[in-house]
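Worksheet for the structure shown next.
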Amino acid sequence: MWFKNLKVFRLAPTWAPSTGAIEDALEKMAFRPGSSHDMQSLGWVPPAEGLGLVHALNGQLLFALRADKKLLPSTVVNQVARARAQDIEEQQGYKPGRKQMKEIKERVTEELLPKAFSVYRDTRVWVDTHNHWLVIDAAASAKSDEVLGMLAKVFDPFPVSPLYTEISPASAMTSWLVDNEAPGPFSIDQDTELRSTSESGAAVRYVRHSLEADEVRKHVENGKQCTRLALTWADRVSFVLTDGLDIKRVSPLDVIKEGPDAVAANDADAFDTDFALMSGELSKLLDDLIGALGGEKTTH
């Protein structure tokens with residue numbers, strides 16, 4: 001249930017449709033398998049088996065976007081296209097030109113698509129209606145952009161904006177490393193990356209390795225900033241913060257997993273327990289993290 005990677009966005013407080021209205025909007029673009037000639041199909045699906053398109057729990061909403069994509073490696077297309085081009089060359093007496101090769105590849109792709117395997121992935125979306133967060137469980141920007149694009153199609157307007165803080169994550173993380181201490185409920189873990197701000201982009205990465213303050217200062221003096229830093233929040237959740245304010249490798253610690261609320265009567269209860277626990281913990285984490293970064297920047 002727990003999101004592994006957080007792409008965090010700010011929702012305007014004025015955006016407050018009912019759960020039913022959200023479900024009706026998503027239904028307009030619910031997932032339907034594409035035809036044999038579609039390379040990819042996108043649509044909304046229930047976030048878990050047995051649920052509706054929107055799962056609501058105490059002001060927390062959960063839904064999911066499914067992307068169904070055909071697996072058609074370019075190496076296969078190119079191999080078939082080359083064989084086809086060779087046959088054409090023998091017929092017409094000269095090699096196909098660039099435009100003709102493009103047409104050959106397009107025809108080959110159309111012919112092979114119905115035979116291609118398809119795989120799907122679901123990207124979950126969490127909306128905190130109390131704190132006006134939109135959080136997408138995605139490591140790559142392309143996946144979160146896909147979700148935002150689909151949301152913009154079903155909601156008009158859809159007032160969402162990127163999250164900005166007064167202190168940049170890179171500046172804050174560098175300072176924390178130099179001081180060998182993170183603020184408030186955060187503690188520094190052993191994975192980090194420092195990258196040069198010059199055109200060279202030289203980087204040094206540490207994995208399961210504690211850095212001494214003097215070592216960090218030398219890197220900073222050489223023009224490097226911290227771009228990734230492993231942290232633990234309140235001894236409850238570990239994660240990696242990036243200079244782009246992405247939160248990666250989110251993992252609840254044993255103190256949460258073994259808590260009194262971890263036992264549920266059935267799968268549905270267990271799902272709701274996990275969702276309530278995740279949304280509650282991550283909402284607090286986000287509030288504390290923004291505070292540690294000087295607060296939210298409202299103008300940029």
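Bear in mind that the values here come from a model prediction, so they are computed numbers and not experimental data.
Screening Leu282, Leu285, Asp137 for a side chain to side chain contact (heavy atoms under 4.5 Å, CB included) with Leu6, the sole residue that qualifies is Leu282.
For Glu166 (side chain) and Gly295 (main-chain N/O), no donor-acceptor pair under 3.5 Å exists by modelled atom type. Judged purely by atom type and a 3.5 angstrom limit, Ser41 has no side-chain atom pairing as donor or acceptor with the backbone of Pro33. Using modelled atom types, one side-chain atom of Thr129 and one backbone atom of Gly59 make a donor-acceptor pair closer than 3.5 Å. In this structure a side-chain-to-backbone donor-acceptor pair under 3.5 Å is present from Arg32 to Ala30. At distances below 3.5 Å, at least one donor-acceptor pair connects side-chain atoms of Arg10 with backbone N or O atoms of His132. With Thr174 contributing its side chain and Ala170 its backbone, the two residues share a donor-acceptor pair below 3.5 Å.
Looking at Ile88 and Gln100, their side chains come closer than 4.5 Å, going by heavy atoms from C-beta outward. Between Asn131 and Leu286 there is no side-chain heavy-atom pair separated by less than 4.5 Å. Residues Val237 and Val250 are in side-chain contact: their nearest non-hydrogen atoms beyond the backbone lie under 4.5 Å apart. Taking 4.5 Å as the limit, some side-chain heavy atom of Leu253 sits within range of a side-chain heavy atom of Ser238. Residues Leu53 and Phe63 form no side-chain contact, since every pair of their non-hydrogen atoms from C-beta on lies 4.5 Å or further apart. Between Gln60 and Asp128 there is a side-chain heavy-atom pair separated by less than 4.5 Å.
Both Phe155 and Val125 are members of a single hydrophobic cluster when ILVMFWY side chains are connected at heavy-atom separations under 4.5 Å. Val154 and Val45 sit in two unconnected hydrophobic clusters of ILVMFWY residues. Membership requires side-chain heavy atoms under 4.5 Å apart, directly or through other members. In the hydrophobic clustering of this structure, Trp2 groups with Trp133; members are Ile, Leu, Val, Met, Phe, Trp, Tyr whose side-chain heavy atoms approach within less than 4.5 Å, directly or through other members. Tracing side-chain contacts under 4.5 Å through hydrophobic residues (I, L, V, M, F, W, Y), one never reaches Leu26 starting from Leu51; they form parts of separate clusters. Note on Met278: it clusters hydrophobically with Leu231, by side-chain heavy-atom contacts below 4.5 Å among ILVMFWY residues.
In this structure, Ala202 and Lys224 approach most closely via the heavy-atom pair O-CE, 4.0 Å. Listed here is the closest heavy atom pair of Pro162 and Phe9: CA-CD2, 4.1 Å. Listed here is the closest heavy atom pair of Pro169 and Leu293: CA-CD2, 4.0 Å. Nearest heavy-atom pair across Cys226 and Arg228 is SG-O, 3.3 Å. Between Trp176 and Ala292 the shortest heavy-atom distance is CZ2-O, 3.8 Å. Across all non-hydrogen atoms, the minimal contact from Pro17 to Ile22 is CG-CG1, 3.7 Å.
Taken from CG in Leu245 to OG1 in Thr165, the straight-line distance is 5.5 Å, to the nearest 0.5 Å. One distance of note links CG of Leu62 with CZ of Phe275; it measures 4.5 Å at 0.5 Å rounding. Here the straight-line distance linking atom CD1 of Ile136 with atom CG of Leu151 works out to 7.0 Å at 0.5 Å rounding. Distance check: Lys297 NZ to Leu163 CG gives 11.0 Å after rounding to the nearest 0.5 Å. Summarising the geometry, atom CG belonging to Leu134 is positioned 12.5 Å from atom NZ belonging to Lys7; distances are rounded to the nearest 0.5 Å. For the atom pair CG of Leu65 and OG of Ser144, the computed distance is 11.5 Å after rounding to the nearest 0.5 Å.
Within a 6.0 Å sphere centred on CD of Glu103, other residues, nucleotides and ligands contribute more than 12 heavy atoms. Within 6.0 Å of CD in Glu181 there are 12 or fewer heavy atoms belonging to other residues, nucleotides or ligands. Counting non-hydrogen atoms of other residues, nucleotides and ligands closer than 6.0 Å to NZ of Lys105 gives a total of 12 or fewer.
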His55 and Asp272: CA distance, side-chain angles, deciding distance, side-chain contact (heavy atoms from CB on, under 4.5 Å) verdict: CA-CA 9 Å; His55 186 56; Asp272 280 351; 2.6 Å; yes
Chi angles and distances behind the salt bridge (charged side-chain N to carboxylate O under 4.0 Å, His left out) call for Arg195, Asp243: CA-CA 10 Å; Arg195 186 175 294 274; Asp243 56 343; over 6 Å; no
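Counting only residues at least two apart or in different chains, salt bridge (Lys or Arg N to Asp or Glu O under 4.0 Å) contacts with residues 82-95 comprise Arg84-Glu111. Here salt bridge (Lys or Arg N to Asp or Glu O under 4.0 Å) pairs that include residues 41-51, with residues two or more places apart or in two chains, number zero. The stretch residues 146-161 participates, sequence neighbours left out, in these salt bridge (Lys or Arg N to Asp or Glu O under 4.0 Å) pairs: Arg121-Glu146.
Aromatic ring centroids of Phe239 and Trp233 lie 6.0 Å or more apart.
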